[in-house]
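To start, the structure under review is shown below, and the notes come after it.
Here is how names work: the chains are called A, B, and so on, in the same order as the sequence lines, proteins then strands, and each is numbered from 1.
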Number of protein chains: 2
Amino acid sequence: MRVWQDDRLARVALSRIVEPGHPGFLASVSSIGAVETLQQLADSHPDLAELQGETQARSDGLEPERVLATAARQGIRFVIPTDDEWPTQLADLEHPRVQGRGGVPVGLWVRGPQRLDTLAGSVAVVGARTATGYGGSVAAEIAATVAREGHPIISGAAFGIDQAAHRGALGSDASTVAVLACGADRIYPSAHRDLIEHLAARHAVISEAPPGWSPMRVRFLSRNRLIAALSRGTVVVEAALRSGALNTANWAQQLNRTVMGVPGPVGSAQSQGVHQLIRAGAAHLVTSGPEVLEMVAEAGQHLLEIPRGPETLRDQLSLVDRQVLDAVPVSRGVASDSIARTAGVGPTAVLAVLERLQEVGLVRQEGSGWRLAGLALP
Amino acid sequence: MRVWQDDRLARVALSRIVEPGHPGFLASVSSIGAVETLQQLADSHPDLAELQGETQARSDGLEPERVLATAARQGIRFVIPTDDEWPTQLADLEHPRVQGRGGVPVGLWVRGPQRLDTLAGSVAVVGARTATGYGGSVAAEIAATVAREGHPIISGAAFGIDQAAHRGALGSDASTVAVLACGADRIYPSAHRDLIEHLAARHAVISEAPPGWSPMRVRFLSRNRLIAALSRGTVVVEAALRSGALNTANWAQQLNRTVMGVPGPVGSAQSQGVHQLIRAGAAHLVTSGPEVLEMVAEAGQHLLEIPRGPETLRDQLSLVDRQVLDAVPVSRGVASDSIARTAGVGPTAVLAVLERLQEVGLVRQEGSGWRLAGLALP
């Protein structure tokens with residue numbers, strides 16, 4: 001097995017030899033570098049023994065320069081940690097708290113003009129492939145609002161929520177990128193050819209897997225960690241129990257990113273996973289794009305007013321008017337003296353107030369008594 | 001003004017003289033007793049000065065014995081703190097942390113056979129008067145499930161969620177009581193005559209206000225504190241911003257009761273208040289009766305399994321079978337050698353596994369390659 005002494009070529013070789021997200025292997029690259037890791041593989045170093053079978057066949061006839069040249073012809077570049085545009089937030093994948101198929105990728109294959117360092121403030125919007133119309137429209141609204149404020153939307157180009165999120169951001173004429181489980185030249189799902197080609201033409205399609213590689217379950221799991229790690233926060237919009245979107249949320253939580261969940265009807269299977277996340281304290285409940293912005297924005301930006309209902313006629317009353325109004329019965333009328341006692345107001349004063357309230361339609365006379373009317377009715 | 005020396009008669013008199021939930025006054029009753037408070041009122045004691053106007057008219061001609069006798073003819077008893085059935089959990093209303101129209105009632109007017117000490121494990125289910133069909137059915141399901149396990153359901157007999165909660169419990173042939181803002185002899189809203197009469201005949205209708213008193217806004221607010229204080233937990237099912245149900249939730253929170261909220265579609269105005277409660281950390285998200293039971297039950301009862309999706313064929317596979325399955329592409333087929341490399345399995349072993357997976361319908365051959373099939377498709 002050949003060992004390339006150039007860091008970029010060594011990384012291309014490693015990207016082609018080892019599966020995305022292979023934990024032990026990526027830890028080795030992070031600690032001793034790509035060239036030295038390749039050297040250890042060539043030397044059949046015992047630390048990498050479990051990789052020997054996998055690497056042997058894949059390294060036969062491998063020519064990294066040709067891989068790069070072919071990728072370049074497909075409009076795909078290979079971005080590595082020493083490149084200016086490298087998304088430095090991925091360093092968190094090296095943190096000891098991160099378990100499973102973790103580790104910083106040896107590089108990212110990118111098709112499209114958008115630089116990866118623009119993703120520092122990005123927000124992931126993920127969820128069920130079998131989304132409901134409700135979930136799709138909420139995902140699109142959130143993506144549109146968040147992207148419009150300059151936070152690129154990251155998702156996985158899948159059916160359902162992913163698609164709605166990309167389209168929401170595109171509808172705002174804002175940035176959105178897809179991270180794929182297959183090579184950046186591949187289209188999966190094939191029904192999303194137009195969407196993925198559009199993202200590649202205007203923004204970016206990103207993959208840890210080299211061009212040509214197929215989408216398979218194990219690669220979706222490592223792909224999910226990248227969606228979580230690239231973004232500042234992850235919004236889960238609809239996820240059944242055991243949904244892949246929960247795997248992304250779990251990555252985001254491990255990485256100390258902000259995890260958010262959109263609630264839905266309790267009888268909807270597609271909201272069950274999200275409700276569990278919120279119940280477990282693993283996700284903040286969010287109901288709109290502005291609430292997502294509030295959670296991912298820099299301090300001092302996007303803080304929302306706590307929502308109140310619309311101001312009512314009652315809000316505009318003086319304190320004594322309100323005391324009297326609160327003491328007027330909702331059903332059959334009672335005498336003004338009784339209202340005066342309940343309100344703690346004198347019997348003469350109460351009449352003046354009641355007449356004022358009658359003028360604005362809040363109370364009315366009924367026989368010899370007074371009762372609530374119109375807008376004041378509960 | 002006369003001063004009755006008997007505690008019960010003094011309390012009847014006070015109940016007729018002062019508004020429900022009058023804070024300073026109830027604090028006085030708690031600290032010096034009913035007879036002494038009445039005495040101070042009669043003496044125009046400066047501590048109770050603000051009550052003088054209110055009390056004067058109401059105490060004229062008051063005869064507590066006759067009030068009790070009239071109530072008894074209406075099937076209404078007056079329960080006071082020294083009675084066996086007194087709900088001792090109301091003592092929390094005296095706690096200094098409780099603000100607003102707080103305080104322990106001087107007594108409760110009760111119409112119906114159910115003893116108030118049966119409410120120790122009760123659960124309040126409250127919410128929007130203008131509930132949606134969704135909210136109504138969730139409220140009924142929660143009330144039915146919780147009541148069936150021996151936790152009486154407390155609500156306010158109003159339109160919408162209140163009604164659905166009472167009916168849900170009644171449908172389980174279980175206990176439910178209404179706390180009213182008007183006298184226990186009154187029917188409000190009048191459309192709920194059948195419901196309220198049924199509760200009075202089989203369970204209980206409770207009020208802090210004496211028989212005959214009208215429902216008015218100020219009494220709804222003090223009534224809400226009783227719903228919260230009588231119950232072990234309050235479930236809010238749908239509440240618009242500024243809904244009265246949020247006032248009940250606020251009381252429950254002040255009283256250190258468990259506050260729960262049912263989520264709904266984010267575009268529904270009736271769920272907005274509940275979502276705000278959950279977002280503010282003031283309510284736990286619950287989606288079903290069993291989840292409410294888990295929160296209000298004694299330790300060791302009703303703890304739920306964390307819900308998982310249904311077990312799939314994949315769950316039943318051996319580790320090596322799963323490794324291979326995870327390495328089979330979801331779209332076009334790839335050769336078994338390539339799958340072997342991805343899975344880290346030998347090229348001969350992989351074929352045996354692939355054939356086994358084909359037999360159970362999880363993969364299929366396509367040309368010279370293999371791809372996922374049937375249930376294994378994401």
Side-chain angles (χ1 to χ4, degrees), chain A residues 19 50-51 53-54 57-58 129 134 138 182 186 188-190 214-218 220-221 240-244 262-267 271-272 275-276 278-280 284-288 291 306-309 323 325-332 334 337-338 340-344 346 372 378, chain B residues 19 50-51 53-54 57-58 129 134 138 182 186 188-190 214-218 220-221 240-244 262-267 271-272 275-276 278-280 284-288 291 306-309 323 325-332 334 337 340-344 346 372 376 378:
Chain A
E19 272 298 311
E50 53 161 327
L51 283 173
E54 194 174 327
R58 283 178 174 169
R129 266 183 277 258
Y134 162 72
V138 178
C182 54
R186 300 280 301 266
Y188 183 82
S190 57
S214 300
M216 40 192 69
R217 191 184 144 88
V218 70
F220 281 101
L221 298 178
L241 300 169
R242 311 188 68 178
S243 159
V262 175
V266 298
S271 286
Q272 262 192 291
H275 291 154
Q276 284 307 317
I278 298 169
R279 278 171 56 69
H284 298 274
L285 188 153
V286 291
T287 68
S288 65
E291 288 177 4
I306 291 175
R308 285 171 56 88
Q323 279 178 305
L325 184 66
D326 290 350
V328 176
V330 294
S331 50
R332 61 177 187 236
V334 304
D337 277 7
S338 167
R341 285 195 294 274
T342 304
L372 292 186
Chain B
E19 272 298 311
E50 54 162 326
L51 283 172
E54 194 173 330
R58 283 179 173 169
R129 266 184 277 258
Y134 162 73
V138 176
C182 53
R186 298 281 300 266
Y188 184 82
S190 57
S214 300
M216 38 192 68
R217 191 185 145 87
V218 69
F220 281 101
L221 298 179
L241 299 170
R242 313 187 66 177
S243 159
V262 174
V266 298
S271 286
Q272 262 191 293
H275 291 154
Q276 283 307 318
I278 298 170
R279 278 170 57 70
H284 296 273
L285 187 154
V286 291
T287 68
S288 66
E291 289 177 2
I306 291 174
R308 285 170 55 86
Q323 279 178 304
L325 184 65
D326 288 352
V328 176
V330 294
S331 50
R332 62 177 186 236
V334 304
D337 278 8
R341 285 195 294 275
T342 303
L372 292 184

For each of B:Leu241, B:Asp326, B:Val328, tally heavy-atom pairs with chain A at distances under 4.5 Å, and name the one with the top tally. B:Asp326

Nearest heavy-atom pair of B:Arg58 and A:Thr342: which atoms, and what distance? NH2-OG1, 2.8 Å

B:Ser243: which residues meet the side-chain hydrogen bond (donor to acceptor under 3.5 Å, both in side chains) condition with it, sequence neighbours left out? none

If you measure from CD on B:Gln276 to OG1 on A:Thr287, what distance do you get to the nearest 0.5 Å? 6.5 Å

Chain A heavy atoms under 4.5 Å from B:Leu285: which part of the residue, side chain, backbone, both or neither? both

Counting heavy-atom pairs under 4.5 Å to chain A, which of B:Gly264, B:Ala340, B:Gly267, B:Pro189 comes out on top? B:Gly264

Of all of B:Ser190, B:Ser214, B:Ala240, B:Pro265, which one pairs up most often with chain A through heavy atoms under 4.5 Å apart? B:Pro265

Where B:Val266 and A:Tyr134 come nearest, the two heavy atoms and their spacing: N-OH, 2.9 Å

Reported CG-to-CE distance for the pair A:Leu325 and B:Met216, which is rounded to 0.5 angstrom: 11.0 Å

With rounding to the nearest 0.5 Å, note down the distance linking CD in B:Gln272 to OG in A:Ser288. 9.0 Å

Determine, stepwise, if the pair A:His275 / B:Val286 fulfils side-chain contact (heavy atoms from CB on, under 4.5 Å). CA-CA 8 Å; A:His275 291 154; B:Val286 291; over 6 Å; no

